[in-house]
Amino acid sequence: MSKVMLCALGMLLAAGCTIVDASHIVTGTTHPASSPEQIKLYGEAPKTPYEVIGIVSVTANNDWVAGQELLDDALKALKDEAAKLGANALLIDGINAHMSANDGIVVGSSDNVNWLFTDNTFEKSVQAKALYIQPAP
């Protein structure tokens with residue numbers, strides 16, 4: 001297999017590898033675990049009665065993926081973490097994006113053409129309040 005094909009295969013395999021670090025702090029009363037798919041996202045406080053049960057933070061990193069796809073990975077992890085607390089909603093406090101660029105490395109050379117790969121890392125951080133919205137009577 002040629003070096004070009006090996007490099008292309010490596011890039012394709014790495015494209016889906018998002019590293020996620022999720023954590024939470026309990027600040028209220030937790031509830032039985034909920035389903036991440038049922039957690040609603042809010043940009044401002046809901047109008048219905050709710051309680052704050054914790055703070056959830058997620059950082060997602062990927063060397064090849066940025067933008068909405070990386071944010072989607074972070075939000076999925078945020079919902080997964082909030083579900084552990086029994087949350088049924090998240091009030092987003094902040095979303096941050098960061099990219100770091102490092103030196104490149106020549107991984108192959110063919111016909112006077114050098115293949116240069118850089119070590120860029122894209123990062124999205126999201127913090128939110130895990131909420132339990134009281135069910136309607």
Side-chain angles (χ1 to χ4, degrees):
M1 187 179 291
S2 75
K3 291 180 184 178
V4 173
M5 290 178 66
L6 282 173
C7 290
L9 179 60
M11 285 175 36
L12 287 174
L13 291 174
C17 299
T18 298
I19 298 169
V20 178
D21 181 29
S23 62
H24 66 264
I25 300 170
V26 175
T27 61
T29 303
T30 60
H31 295 268
S34 59
S35 169
E37 294 81 25
Q38 296 177 339
I39 294 177
K40 294 182 181 179
L41 299 177
Y42 289 89
E44 58 184 54
K47 306 284 186 231
T48 57
Y50 66 90
E51 59 184 284
V52 177
I53 58 177
I55 306 294
V56 182
S57 299
V58 169
T59 301
N61 296 287
N62 195 307
D63 290 344
W64 304 99
V65 175
Q68 187 62 48
E69 188 174 346
L70 188 56
L71 180 59
D72 291 345
D73 289 344
L75 291 175
K76 180 188 178 312
L78 196 74
K79 287 181 176 184
D80 290 346
E81 193 71 16
K84 295 175 187 176
L85 302 177
N88 56 14
L90 285 162
L91 177 57
I92 304 295
D93 287 330
I95 299 174
N96 296 303
H98 177 74
M99 185 197 86
S100 62
N102 300 310
D103 294 333
I105 183 170
V106 176
V107 293
S109 180
S110 172
D111 298 328
N112 295 326
V113 176
N114 292 323
W115 298 95
L116 175 68
F117 288 89
T118 59
D119 183 18
N120 293 331
T121 301
F122 302 97
E123 178 180 290
K124 293 277 184 177
S125 298
V126 184
Q127 185 170 336
K129 291 179 179 75
L131 307 180
Y132 182 76
I133 297 177
Q134 303 298 326

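Hydrogens, waters and symmetry mates are skipped; everything else that's a heavy atom, side chains included, is used.
Within 6.0 Å of atom CD1 in Ile19, 12 or fewer heavy atoms from other residues, nucleotides or ligands are found, so the atom counts as exposed in its surroundings. Summarising the local packing, CD of Gln134 is surrounded by more than 12 heavy atoms from other residues, nucleotides or ligands at distances under 6.0 Å.
Within the model, atoms CD of Gln127 and CD1 of Ile25 stand 7.5 Å from one another, a figure rounded to the nearest 0.5 Å. Here the straight-line distance linking atom CG of Leu75 with atom CG of Leu90 works out to 8.5 Å at 0.5 Å rounding. Between the NZ atom of Lys124 and the CD atom of Glu69 there is a distance of 11.5 Å, given to the nearest 0.5 Å. Going from atom CG of Asn61 over to atom OG of Ser125 covers 7.5 Å, rounded to the nearest 0.5 Å. Here the straight-line distance linking atom CD of Glu51 with atom CG of Leu131 works out to 9.0 Å at 0.5 Å rounding.
No continuous path of hydrophobic side-chain contacts links Ile133 to Val26 [ILVMFWY only; heavy atoms under 4.5 Å]. Criterion: ILVMFWY side-chain heavy atoms under 4.5 Å apart, direct or through other members. Under it, Leu91 and Val52 are part of a common hydrophobic cluster. Hydrophobic clustering (side-chain heavy atoms under 4.5 Å, transitive across Ile, Leu, Val, Met, Phe, Trp, Tyr) groups Val58 together with Leu41. Both Leu71 and Val20 belong to a single network of hydrophobic side chains, linked directly or stepwise wherever heavy atoms of I, L, V, M, F, W or Y lie under 4.5 Å apart.
Counting only residues at least two apart or on different chains, no ring-ring contact (aromatic ring centres under 6.0 Å, His included) pair has a member in residues 72-95. Pairs engaging residues 34-56 under the ring-ring contact (aromatic ring centres under 6.0 Å, His included) rule: none recorded [sequence neighbours left out]. Legend: salt bridge (charged side-chain N to carboxylate O under 4.0 Å, His left out) pairs involving residues 125-135, not counting sequence neighbours, sorted by first then second residue: Asp93-Lys129.
Minimum interatomic distance between His31 and Thr29 (heavy atoms only, all atoms of both residues): CD2-O, 3.4 Å. Looking at every heavy atom in both residues, Ile53 comes nearest to Gly86 through CD1-C, 3.9 Å. In terms of heavy atoms, Leu78 sits closest to Ala128 at CD2-CB, 3.9 Å. Taking all atoms of both residues into account, the shortest heavy-atom contact from Leu85 to Val56 is CD1-CG2, 4.2 Å. Ile39 approaches Ala83 most closely through the heavy-atom pair CD1-N, 3.7 Å. Looking at every heavy atom in both residues, Ala74 comes nearest to Val126 through CB-CG2, 4.0 Å.
Between Lys76 and Asp80 there is a salt bridge, since at least one side-chain N of the basic residue sits less than 4.0 Å from a carboxylate O of the acidic one.
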